[in-house]
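All remarks here apply to the structure that follows.
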Amino acid sequence: MRTVDESSPYLRAQANLSELKLDEMAAAMPDYVRLVAGGERDFAQAVAEMTQAEVAARRERIMRQRIRSSGFPYIKTLADFDWSFQPSVPRAKLEELATLRFMDAAENVLLVGSPGVGKTHLAIAIGIEAVKAGREVRFCDCSRLVEDLKDASSRGILKNRLKYYAHSKLLIIDELGYLDIDEHGADLVFQLVSTRYEQRSTIITTNVGIGGWANVFGDEVAASAIADRVCHHCSLIKITGRSYRLKDLPADRKRETD
Ligand code: ADP
Ligand code: MG
């Protein structure tokens with residue numbers, strides 16, 4: 001343990017702030033000693049301002065930690081979205097979703113479109129708004145989610161795992177349709193959407209319109225049961241533009257990808 005000069009309140013205060021890991025306060029202290037001595041702040045004002053900086057830094061740390069633990073593959077916000085590049089995206093609707101009222105009503109969001117049009121970006125942007133509002137968010141790649149549920153099922157802990165996913169205030173299932181899902185997987189997805197139905201919001205991004213889900217799940221009945229739960233209270237957003245990933249390709253290369 002560090003020894004401090006017990007006779008110096010200033011050094012004692014600094015040592016205490018450092019032990020309490022109140023680094024912002026420790027850094028601001030010399031300024032506030034001067035401001036209080038000069039009569040520019042009274043004691044309460046000084047404490048209020050010094051703790052304010054500490055509170056802001058702590059909130060920021062917690063937010064970063066929550067964003068990290070939500071599982072987003074990258075961080076993007078609505079402010080990063082180039083609306084003019086993708087005019088088929090209903091901006092007002094996305095801004096309405098960002099208010100999170102849909103979550104209070106346990107409604108879902110389905111983002112449909114070909115690769116690169118911004119589905120994952122928009123889902124993440126709404127997810128980040130939810131984290132900022134203090135809600136628990138889980139972002140999952142669809143095929144990994146199905147693998148995870150299968151694994152839980154084979155280990156006899158499916159109920160627990162479904163509870164874990166049911167608990168998230170917002171679940172984002174990304175890239176449904178990129179890989180086919182077998183009968184067992186379809187049943188697990190059905191159980192998952194059923195546990196969340198009318199209780200909690202789910203955002204799904206997919207390159208396959210609902211009409212094609214029978215192919216994804218390999219079964220018409222399972223696909224329509226899943227689509228039924230997802231779409232009952234749902235904002236459907238179809239994006240029909242070009243891939244943002246290819247936007248900088250020269251015009252002759254672009255034609256090759258059309
Ligand atoms: P997908 O529709 O395949 O999920 P993504 O959302 O992952 O596409 O977008 C691919 C990349 O392009 C991401 O880095 C994303 O941030 C970016 N992007 C897509 N659309 C836009 C846009 N309109 N404005 C800004 N960046 C975009
Ligand atoms: Mg995507």
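We count ligands from 1, going down the list as the structure has it; atoms in each ligand are counted the same way.
R58 has no carboxylate O lying under 4.0 Å from a charged side-chain N of E54, or vice versa, which leaves the two without a salt bridge. Salt bridge present: D31 and R34 bring a charged side-chain N and a carboxylate O closer than 4.0 Å. Using a cut-off of 4.0 Å between Lys/Arg side-chain N and Asp/Glu carboxylate O, R144 and D174 are scored as not salt-bridged.
Each of the following atoms of ligand 1 lies closer than 4.0 Å to a heavy atom of P115: 3 (O). Close approach to K76 involves these atoms of ligand 1, each under 4.0 Å from a residue heavy atom: 14 (O), 16 (O).
No close placement of the W83 and F85 rings is indicated, their centers lying 6.0 Å or farther apart.
Annotation for K119 and G113: closest pair NZ-O, 3.0 Å, computed over non-hydrogen atoms.
Considering backbone and side-chain atoms together, Y74 places an N or O closer than 3.5 Å to an N or O of ligand 1. Distances between N or O atoms of V117 and those of ligand 1 include at least one value under 3.5 Å. For ligand 1, none of its N or O atoms has an N or O atom of W83 under 3.5 Å away. Looking at ligand 1, you'll find an N or O of G118 within less than 3.5 Å of one of its N or O atoms. Considering backbone and side-chain N/O atoms, L122 never comes within less than 3.5 Å of an N/O atom of ligand 1.
Not a single heavy atom of T205 lies less than 4.0 angstrom from ligand 1.
The Mg ion (ligand 2) has no N, O or S atom of T205 under 2.8 Å away, backbone or side chain.
Between the choices D82, I239, L246, the shortest heavy-atom distance to atom 24 (N) of ligand 1 belongs to D82.
Of the heavy atoms in E175, none comes closer than 4.0 Å to ligand 1. In H121, the parts holding a heavy atom less than 4.0 Å from any atom of ligand 1 are both the side chain and the backbone.
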Take R196 and Q199 through the test side-chain hydrogen bond (donor to acceptor under 3.5 Å, both in side chains) and record every step on the way to the result. CA-CA 5 Å; R196 298 185 61 81; Q199 303 293 322; over 6 Å; no
Check step by step if side chain to side chain contact (heavy atoms under 4.5 Å, CB included) holds for K150 and D182. CA-CA 11 Å; K150 279 184 181 176; D182 64 13; 2.9 Å; yes
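Side-chain polar atoms of N16 and S18 form no donor-acceptor pair below 3.5 angstrom.
A 4.5 Å side-chain heavy-atom check between L17 and M29 finds at least one atom pair inside the cut-off.
Looking at atom 4 (O) of ligand 1, its nearest protein heavy atom turns out to be T120 OG1, 2.7 Å. Taking atom 17 (C) of ligand 1 as the reference point, the nearest protein heavy-atom neighbour is Y244 CD2, 3.4 Å. Protein heavy atom in closest approach to atom 3 (O) of ligand 1: G116 N, 2.7 Å.
Taken to the nearest 0.5 Å, the CD1 atom of I173 stands 11.5 Å off from the OG atom of S143.
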